[in-house]
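Data block below; observations after.
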Amino acid sequence: MAYALVIVLLAALAVMGYIKDTVAPSPLAAQQTTQAEWTQMYGQAAGAFLTANPGYSGQISDQQMVTELGSSWSTLPAAMTRSGMQHGAFVSGGVPYAWALLPTAQTGSAVGKLIKQDAVAAGNLSITVDENGTLVNPQMNNPQPAPAGVPNGAMVVSAK
(Lines give C-alpha, C1' and ligand atoms only; values in the text may rest on other atoms or scores of the structure.)
Protein backbone atom coordinates (compact mmCIF):
# COMPACT_ATOMS: atom_id res chain seq x y z
CA MET A 1 0.00 0.00 0.00
CA ALA A 2 2.79 2.42 0.90
CA TYR A 3 4.59 1.66 -2.38
CA ALA A 4 1.42 2.37 -4.35
CA LEU A 5 1.09 5.75 -2.63
CA VAL A 6 4.72 6.60 -3.41
CA ILE A 7 4.23 5.65 -7.07
CA VAL A 8 1.08 7.78 -7.31
CA LEU A 9 2.90 10.74 -5.72
CA LEU A 10 5.87 10.37 -8.07
CA ALA A 11 3.55 10.22 -11.08
CA ALA A 12 1.75 13.35 -9.89
CA LEU A 13 5.06 15.20 -9.51
CA ALA A 14 6.12 14.15 -13.00
CA VAL A 15 2.85 15.44 -14.47
CA MET A 16 3.19 18.72 -12.56
CA GLY A 17 6.74 19.14 -13.89
CA TYR A 18 5.58 18.50 -17.44
CA ILE A 19 2.77 21.03 -17.11
CA LYS A 20 5.13 23.61 -15.62
CA ASP A 21 7.56 23.13 -18.52
CA THR A 22 4.91 23.28 -21.26
CA VAL A 23 2.80 26.20 -20.05
CA ALA A 24 3.76 29.57 -21.52
CA PRO A 25 6.00 31.55 -19.16
CA SER A 26 4.61 34.53 -17.30
CA PRO A 27 5.52 38.01 -18.57
CA LEU A 28 7.95 38.40 -15.64
CA ALA A 29 9.62 35.07 -16.48
CA ALA A 30 9.93 36.12 -20.13
CA GLN A 31 11.48 39.44 -19.05
CA GLN A 32 13.90 37.61 -16.74
CA THR A 33 14.95 35.29 -19.55
CA THR A 34 15.58 38.24 -21.88
CA GLN A 35 17.60 40.09 -19.24
CA ALA A 36 19.57 36.92 -18.52
CA GLU A 37 20.44 36.56 -22.21
CA TRP A 38 21.46 40.21 -22.40
CA THR A 39 23.74 39.92 -19.39
CA GLN A 40 25.28 36.74 -20.74
CA MET A 41 26.01 38.41 -24.10
CA TYR A 42 27.46 41.47 -22.33
CA GLY A 43 29.77 39.21 -20.32
CA GLN A 44 30.89 37.36 -23.44
CA ALA A 45 31.61 40.69 -25.11
CA ALA A 46 33.80 41.72 -22.14
CA GLY A 47 35.79 38.51 -22.61
CA ALA A 48 36.10 39.13 -26.36
CA PHE A 49 37.21 42.71 -25.68
CA LEU A 50 40.05 41.50 -23.46
CA THR A 51 41.07 38.88 -26.03
CA ALA A 52 41.29 41.63 -28.66
CA ASN A 53 43.07 43.99 -26.23
CA PRO A 54 45.50 41.88 -24.15
CA GLY A 55 46.95 43.68 -21.18
CA TYR A 56 44.00 46.08 -20.93
CA SER A 57 42.92 47.07 -17.42
CA GLY A 58 40.08 49.30 -16.22
CA GLN A 59 36.58 50.21 -17.37
CA ILE A 60 35.25 49.06 -20.73
CA SER A 61 32.81 51.59 -22.18
CA ASP A 62 29.58 50.66 -23.92
CA GLN A 63 31.08 52.02 -27.14
CA GLN A 64 34.05 49.66 -26.79
CA MET A 65 31.64 46.78 -26.13
CA VAL A 66 29.60 47.48 -29.29
CA THR A 67 32.52 46.37 -31.49
CA GLU A 68 32.77 43.06 -29.63
CA LEU A 69 29.00 42.49 -29.64
CA GLY A 70 28.83 42.44 -33.43
CA SER A 71 26.18 44.01 -35.63
CA SER A 72 23.26 41.85 -34.44
CA TRP A 73 23.83 42.82 -30.79
CA SER A 74 25.26 46.33 -31.26
CA THR A 75 22.17 47.96 -29.71
CA LEU A 76 22.38 45.80 -26.57
CA PRO A 77 23.86 48.41 -24.18
CA ALA A 78 21.14 50.91 -25.15
CA ALA A 79 18.43 48.24 -24.74
CA MET A 80 19.79 47.38 -21.28
CA THR A 81 19.61 51.04 -20.28
CA ARG A 82 16.06 51.48 -21.68
CA SER A 83 14.85 48.44 -19.73
CA GLY A 84 16.11 49.93 -16.47
CA MET A 85 19.20 47.75 -16.18
CA GLN A 86 22.26 49.52 -14.84
CA HIS A 87 25.34 47.83 -16.27
CA GLY A 88 29.08 48.07 -16.65
CA ALA A 89 32.17 46.16 -17.68
CA PHE A 90 35.83 46.27 -16.71
CA VAL A 91 39.02 44.26 -16.53
CA SER A 92 40.64 43.69 -13.15
CA GLY A 93 43.65 41.47 -12.52
CA GLY A 94 43.50 40.19 -16.09
CA VAL A 95 39.89 39.00 -15.68
CA PRO A 96 37.04 40.59 -17.66
CA TYR A 97 33.88 41.31 -15.68
CA ALA A 98 30.44 42.54 -16.68
CA TRP A 99 27.71 43.36 -14.21
CA ALA A 100 24.02 44.18 -14.45
CA LEU A 101 21.81 45.57 -11.74
CA LEU A 102 18.20 44.86 -12.56
CA PRO A 103 15.19 47.00 -11.61
CA THR A 104 14.37 44.91 -8.52
CA ALA A 105 16.32 42.60 -6.24
CA GLN A 106 13.76 39.86 -6.85
CA THR A 107 14.30 40.01 -10.60
CA GLY A 108 18.07 40.06 -10.09
CA SER A 109 17.92 36.94 -7.97
CA ALA A 110 15.75 35.07 -10.44
CA VAL A 111 17.77 36.14 -13.45
CA GLY A 112 20.96 35.18 -11.67
CA LYS A 113 19.67 31.64 -11.38
CA LEU A 114 18.56 31.54 -15.02
CA ILE A 115 21.79 32.85 -16.46
CA LYS A 116 23.88 30.55 -14.30
CA GLN A 117 22.08 27.51 -15.66
CA ASP A 118 22.71 28.52 -19.27
CA ALA A 119 26.21 29.96 -19.12
CA VAL A 120 27.88 27.68 -16.63
CA ALA A 121 26.67 24.72 -18.68
CA ALA A 122 28.60 26.20 -21.60
CA GLY A 123 31.68 26.36 -19.36
CA ASN A 124 32.95 29.75 -20.47
CA LEU A 125 31.44 32.10 -17.90
CA SER A 126 31.23 32.36 -14.15
CA ILE A 127 27.93 33.80 -12.90
CA THR A 128 27.66 35.23 -9.40
CA VAL A 129 25.67 37.79 -7.45
CA ASP A 130 27.33 40.53 -5.40
CA GLU A 131 26.03 40.13 -1.86
CA ASN A 132 27.50 42.92 0.27
CA GLY A 133 30.91 42.85 -1.39
CA THR A 134 31.11 39.08 -1.83
CA LEU A 135 30.52 37.29 -5.12
CA VAL A 136 28.25 34.34 -4.41
CA ASN A 137 27.11 31.54 -6.68
CA PRO A 138 24.30 29.77 -4.81
CA GLN A 139 25.06 26.37 -6.32
CA MET A 140 28.85 26.38 -6.45
CA ASN A 141 29.57 27.57 -2.88
CA ASN A 142 32.77 29.40 -3.81
CA PRO A 143 32.39 32.95 -2.45
CA GLN A 144 35.07 35.47 -3.35
CA PRO A 145 35.52 39.21 -2.85
CA ALA A 146 33.66 41.37 -5.37
CA PRO A 147 35.81 43.67 -7.51
CA ALA A 148 35.56 47.37 -6.66
CA GLY A 149 32.80 49.21 -8.49
CA VAL A 150 30.24 46.41 -8.59
CA PRO A 151 26.97 47.46 -6.92
CA ASN A 152 25.44 45.33 -4.21
CA GLY A 153 22.82 42.97 -5.64
CA ALA A 154 24.26 43.02 -9.17
CA MET A 155 24.73 39.91 -11.27
CA VAL A 156 28.39 39.57 -12.16
CA VAL A 157 29.58 37.68 -15.22
CA SER A 158 33.26 36.92 -15.59
CA ALA A 159 34.89 35.08 -18.46
CA LYS A 160 37.16 32.22 -17.53
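Numbers for residues simply follow the sequence, beginning at 1.
Between Met65 and Ala46 the shortest heavy-atom distance is CE-N, 3.6 Å. The heavy-atom pair separating Ser83 from Trp38 by the smallest distance is OG-CZ3, 3.5 Å. Contact record, Val95 with Ser158: CG1-CB, 4.0 Å, taken as the closest heavy-atom pair. Leu135 and Pro147 get closest at one heavy-atom pair: CD1-CD, 3.8 Å. Nearest heavy-atom pair, Pro151 versus Gly149, reported as atom, atom and distance to 0.1 Å: CD-O, 3.5 Å. Minimum interatomic distance between Leu69 and Ala45 (heavy atoms only, all atoms of both residues): CD2-CB, 3.5 Å.
In this pair, Phe90 and Tyr97 present their aromatic rings parallel. The plane angle is below 30°, not in the 30 to 60° band.
Between Met155 and Tyr42 there is no side-chain heavy-atom pair separated by less than 4.5 Å.
Following chains of ILVMFWY side-chain contacts shorter than 4.5 Å, one cannot reach Val66 starting from Tyr56, and the two form parts of different hydrophobic clusters.
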- request: Could you check Thr39 against Met85 for side chain to side chain contact (heavy atoms under 4.5 Å, CB included), going step by step and ending with a plain yes or no?
  value: CA-CA 10 Å; Thr39 306; Met85 294 173 69; 3.4 Å; yes
- request: Before giving the answer on side chain to side chain contact (heavy atoms under 4.5 Å, CB included), spell out for Thr81 and His87 the whole-Å C-alpha distance, their side-chain angles and the decisive distance to 0.1 Å.
  value: CA-CA 8 Å; Thr81 300; His87 59 277; 3.1 Å; yes
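Separating the CD1 atom in Ile60 from the CG atom in Leu50 is a distance of 7.0 Å, to the nearest 0.5 Å. Between the CG atom of Asn152 and the CG atom of Asn132 there is a distance of 4.5 Å, given to the nearest 0.5 Å.
Of the possible donor and acceptor atoms, none in the side chain of Thr75 sits under 3.5 Å from a partner among the backbone N and O of Ala78.
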